[in-house]
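A quick note: this is a predicted structure, and the numbers were derived from the prediction, not measured.
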Amino acid sequence: MSDLITLTLPDGSQREVARGTTGADVAASIGPGLAKAALAAKVDGELVDLSRPIEADAALALVTVRDEADALELARHDFAHVLAEAVQGLFPGTQITFGPSTDDGFYYDFAPAPGRGPFTEDDLPAIEEAMRAIIKADKPLRREVWSRAQLISRWKQQGENFKAEWAAELAPNDDGSEDLTVYWSGDDWLDMCRGPHLPSTGKLDPQAFKLTRVSGAYWRGDQKNAMLSRVYGTAWLNKKQLDAHLLRLEEAAKRDHRKLGREMDLFHLQEEAHGSVFWHPRGFIIYRELEAYMRRRLDPAGYQEVKTPQIMDARQWEQSGHWGKYRENMFVIPDEVPNTEDEGPVVSNDAQWMALKPMNCPAHVLIFRQGIKSYRDLPLRMAEMGCCHRNEPHGALHGLMRVRQFTQDDGHIFCRQDQIVAEIAAFCDLLDVVYKDLGGFSYAIKLALRPEKRFGSDAMWDWSEQSMRDAVKATGRDNADWGWEELPGEGAFYAPKLEFHLTDAIGRTWQVGTIQTDTVLPERLDASYVGEDGNRHRPVMLHRAILGSYERFIGILIEHFAGWFPTWLAPCQAVVATIVSDADDYAGTVADTLRKAGIRVETDLRNEKINLKVREHSLQKAPYMLVVGRREAEEGTVALRSLKGGEQKVMPLAEAVALIKADATPPDLR
RNA sequence: GCCGCUUUAGCUCAGCCGGUAGAGCACCGCAUUCGUAAUGCGGGGGUCAGGUGUUCGAGUCACCUAAGCGGCACCA
């Protein structure tokens with residue numbers, strides 16, 4: 001074996017160096033500037049420490065802040081370690097557990113010292129200071145390889161029970177060895193970590209991070225385990241990036257649907273009906289427009305709309321399986337006349353139970369079962385704007401995004417096995433059109449596979465999962481362009497789920513649409529059709545939704561558009577505002593003309609300055625304002641102002657009406 | 001459901017070491033008729049989330065309950 005190896009640099013040049021040369025050595029040999037700037041090495045595409053000896057011919061690239069993605073990942077990971085070191089310095093007895101990088105920073109989970117409660121936001125400034133001191137000390141970060149036994153014993157000796165547990169359970173390395181890597185910060189603090197890390201803490205910018213919040217988090221993400229105390233931070237390569245991020249957060253907060261919902265008078269929530277929405281007149285216009293739009297899309301796509309009971313007997317839910325697998329999320333009610341006669345309990349102990357529907361699917365099967373269905377009836381597409389109630393964990397409720405009463409744009413397609421691929425493909429096409437119409441959203445597709453808690457045989461799951469893969473393949477969406485991935489364990493209890501994740505205007509993703517291949521429910525509820533062979537067969541049931549729920553989808557739309565709805569959805573599409581009261585009559589004529597053209601119009605005849613009117617209706621996010629004064633009244637014109645853009649133009653009334661009417665036409669009617 | 005924080009006028013928020021509640025906006029009234037993001041003056045409005053306790057005295061301290069917020073877990 002030669003003592004020399006060949007390294008190929010990114011520019012294609014090659015260097016013969018001694019075996020065991022490190023990335024740092026190469027950087028130093030190229031120049032002092034690079035030696036200082038280098039953060040890590042990439043050996044054959046794998047990110048490793050700068051101090052890691054290179055043992056064979058390889059492609060070598062040196063990572064600097066210019067390689068932003070890698071540099072950020074390294075920095076955030078290091079910030080997490082610095083956080084842990086700082087916390088242990090400040091609060092002796094705190095156990096460290098786990099601390100990865102995140103999309104915008106990092107977190108670390110701690111088990112606070114006995115007698116000390118979880119960390120609070122008041123602790124953060126002191127922790128930040130301690131972190132800055134560690135960065136300023138420029139402590140070298142040194143990798144060492146320890147045996148599993150050696151490390152476990154060290155953790156136990158230090159009272160790091162969580163680390164010891166984890167070290168014991170980590171899978172052996174690919175080569176079968178039991179070695180684990182640790183990193184020293186200076187020579188007084190160490191953590192178990194796969195790495196890689198920066199050469200020293202001084203490579204971090206002490207002004208480029210901010211601890212943002214604290215929260216509880218379960219050890220290893222499991223509700224049955226201990227609650228740990230998590231500290232979150234956001235971290236960047238420099239202060240400018242950090243400030244830009246903090247500004248983005250502020251901008252995101254401004255489009256929060258709860259804030260805009262109140263300011264724009266769209267809806268409200270209150271304690272007495274927490275988790276259920278009070279839609280105000282303005283908000284309900286959006287809801288109705290959206291519902292009307294969906295019907296115009298569903299009808300020609302061959303769906304038949306139905307309406308099914310809100311409450312059904314528990315026996316029905318037992319048969320569908322919901323009583324067994326979903327009851328903790330259901331509102332159950334006694335099937336009994338409440339006692340009003342005396343002081344006794346309102347409901348007796350032997351009341352029979354009914355339940356509010358958490359899903360529409362069983363009722364749809366019950367409709368399907370009425371009469372005898374032939375193979376000629378399939379595929380049978382049933383739709384319902386189904387109002388469902390789910391008793392969600394209280395901590396999960398969140399504005400319109402997570403509520404206890406919501407309406408799904410639900411639908412179930414009963415079909416033969418050989419129709420699944422075509423039906424899923426048709427659904428994908430429909431969904432494409434809807435997401436494009438409603439905001440030009442892009443989306444990713446995921447396949448959620450069988451969960452632990454489920455019905456049906458493994459063979460059934462094998463079959464239904466594979467049929468969904470085949471269907472997506474047929475649509476050409478099973479690739480990275482569509483964010484395609486499979487999510488083990490995340491399916492519904494009765495079926496694997498194709499999930500459609502929208503990306504909104506500021507890059508956040510929301511799971512809304514879904515289609516699921518279910519063979520369990522038709523079986524449990526005994527749905528069948530008569531085939532060409534004259535025998536009874538089980539149909540497959542595709543559960544599908546495009547918006548998911550109206551409530552959540554409108555919440556997403558509010559945030560996506562920051563309140564500036566496209567004109568066809570806007571609660572008030574045009575405001576006629578006067579400059580002087582002499583124009584009041586003319587303003588009335590203008591408003592009538594718009595109203596007759598089908599525009600939702602309001603007038604603002606208040607004795608206020610036009611400045612105030614522009615400001616207030618801008619804050620209400622009306623798309624158009626038609627300003628009229630003496631001049632317009634005499635000439636039969638309007639000053640049409642786009643409140644969002646701010647530009648305005650004087651034009652004849654008829655022209656303004658035509659312009660607004662065109663803009664107010666729903667996308668499917670253009 | 002779990003951890004932390006919060007809850008004062010319609011909204012946003014101030015209120016110190018416990019001594020009997022305040023601002024801006026909104027609302028109402030009056031004046032102002034004004035050309036594209038806040039006209040001026042005046043007025044009304046609060047069992048300080050609910051409950052229990054400590055205290056001569058609680059918005060303020062303690063405990064319980066509820067809801068909200070940020071996460072965790074769960075999820076359309």
Side-chain angles (χ1 to χ4, degrees), chain A residues 107 109 112 117-123 212-232 253 256 258-259 262-263 265 268-275 326 328-329 358-360 386 388 390-410 448 451 490 492 497 499-500 510-514 543 545-553 555-556 577-584 605-620 625-632 639-643 646-648 650:
Chain A
Y107 66 80
D109 288 346
F119 297 111
T120 70
E121 301 211 349
D122 295 338
D123 295 320
T212 49
R213 52 181 171 252
V214 293
S215 85
Y218 299 106
W219 167 235
R220 305 175 94 168
D222 191 330
Q223 222 173 145
K224 293 191 277 290
N225 290 341
M227 173 67 61
L228 303 171
S229 181
R230 175 174 296 180
V231 177
Y232 280 95
D256 189 307
R258 293 163 300 185
K259 178 175 144 69
R262 186 174 51 243
E263 289 172 357
D265 195 19
H268 86 271
L269 296 156
Q270 68 181 56
E271 202 171 314
E272 290 75 7
H274 72 113
Y326 205 73
E328 63 186 23
N329 283 300
M359 298 183 192
N360 307 299
C388 295
R390 294 185 188 173
N391 200 346
E392 301 285 354
H394 290 197
L397 301 178
H398 178 93
L400 296 179
M401 303 302 192
R402 197 69 186 277
V403 289
R404 303 209 296 181
Q405 176 189 316
F406 57 96
T407 302
Q408 296 178 311
D409 64 316
D410 205 2
E490 298 199 9
K497 265 200 307 195
E499 300 178 346
F500 298 82
W510 307 92
Q511 199 239 294
V512 286
T514 180
H543 305 242
I546 297 176
L547 307 182
S549 86
Y550 281 89
E551 287 77 4
R552 177 181 287 183
F553 202 85
I556 293 168
T578 51
I579 290 172
V580 290
S581 51
D582 287 353
D584 286 2
L605 308 183
R606 290 176 302 166
N607 176 13
E608 294 289 353
K609 293 191 172 183
I610 196 65
N611 289 293
L612 183 87
K613 296 184 184 183
V614 168
R615 177 182 156 80
E616 290 192 347
H617 298 293
S618 295
L619 291 173
Q620 285 298 305
M625 186 152 161
L626 297 91
V627 180
V628 294
R630 283 195 195 91
R631 210 154 59 217
E632 287 78 9
L640 181 66
R641 180 181 171 108
S642 157
L643 291 183
E647 68 272 13
Q648 68 142 6
V650 178

Base partner of [N], which must satisfy Watson-Crick or wobble distances under 3.5 Å:
N	answer
B:rU33	none
B:rC72	B:rG1
B:rA21	none
B:rG42	B:rC28
B:rA62	B:rU52
B:rU6	B:rA67

Scan [X] against the nucleic acid and name what it touches under 4.0 Å (heavy atoms): base, sugar-phosphate only, or nothing.
X	answer
A:H617	nothing
A:A545	nothing
A:A639	base
A:T120	sugar-phosphate
A:H274	sugar-phosphate
A:F553	nothing
A:P393	base
A:R630	base
A:K259	nothing
A:R230	sugar-phosphate
A:G548	sugar-phosphate
A:R258	sugar-phosphate
A:E392	base
A:E121	nothing

Query raised in the report: Does A:E392 come within less than 4.0 Å of A:R390, counting only side-chain N to carboxylate O?
Result: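 Looking at A:E392 and A:R390, the cut-off is not met.
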Report task. Salt-bridge test for A:D256 and A:R258: reply yes if a basic N is under 4.0 Å from a carboxylate O, no otherwise. Result ->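 Yes, this pair counts.
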Query raised in the report: On RNA chain B, which is the earliest and which the latest nucleotide, 5' to 3', with an atom closer than 4.0 Å to a heavy atom of chain A?
Result: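 That gives a stretch of B:rG1 to B:rA76.
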Requested in this report: Let me know, please, whether A:G117 or A:L397 comes out on the 5' side of the other along RNA chain B by nearest nucleotide.
Outcome: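 Closest to the 5' end, via its nearest nucleotide, is A:G117.
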Query raised in the report: Relative to the 5' end of RNA chain B, which residue comes earlier, A:F406 or A:D582, by the nucleotide with the nearest heavy atom?
Result: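 Closest to the 5' end, via its nearest nucleotide, is A:D582.
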Report task. Could you classify B:rC17 for me, syn or anti, using a glycosidic angle within 90° of 0 as syn? Result ->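 Syn, angle within 90° of zero.
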**Report entry** Sorted by number, the residues of residues 606-613 of chain A with heavy-atom contact under 4.0 Å to RNA chain B
**Finding:**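 Under 4.0 Å from RNA chain B: A:N607, A:E608, A:K609, A:I610, A:N611, A:L612.
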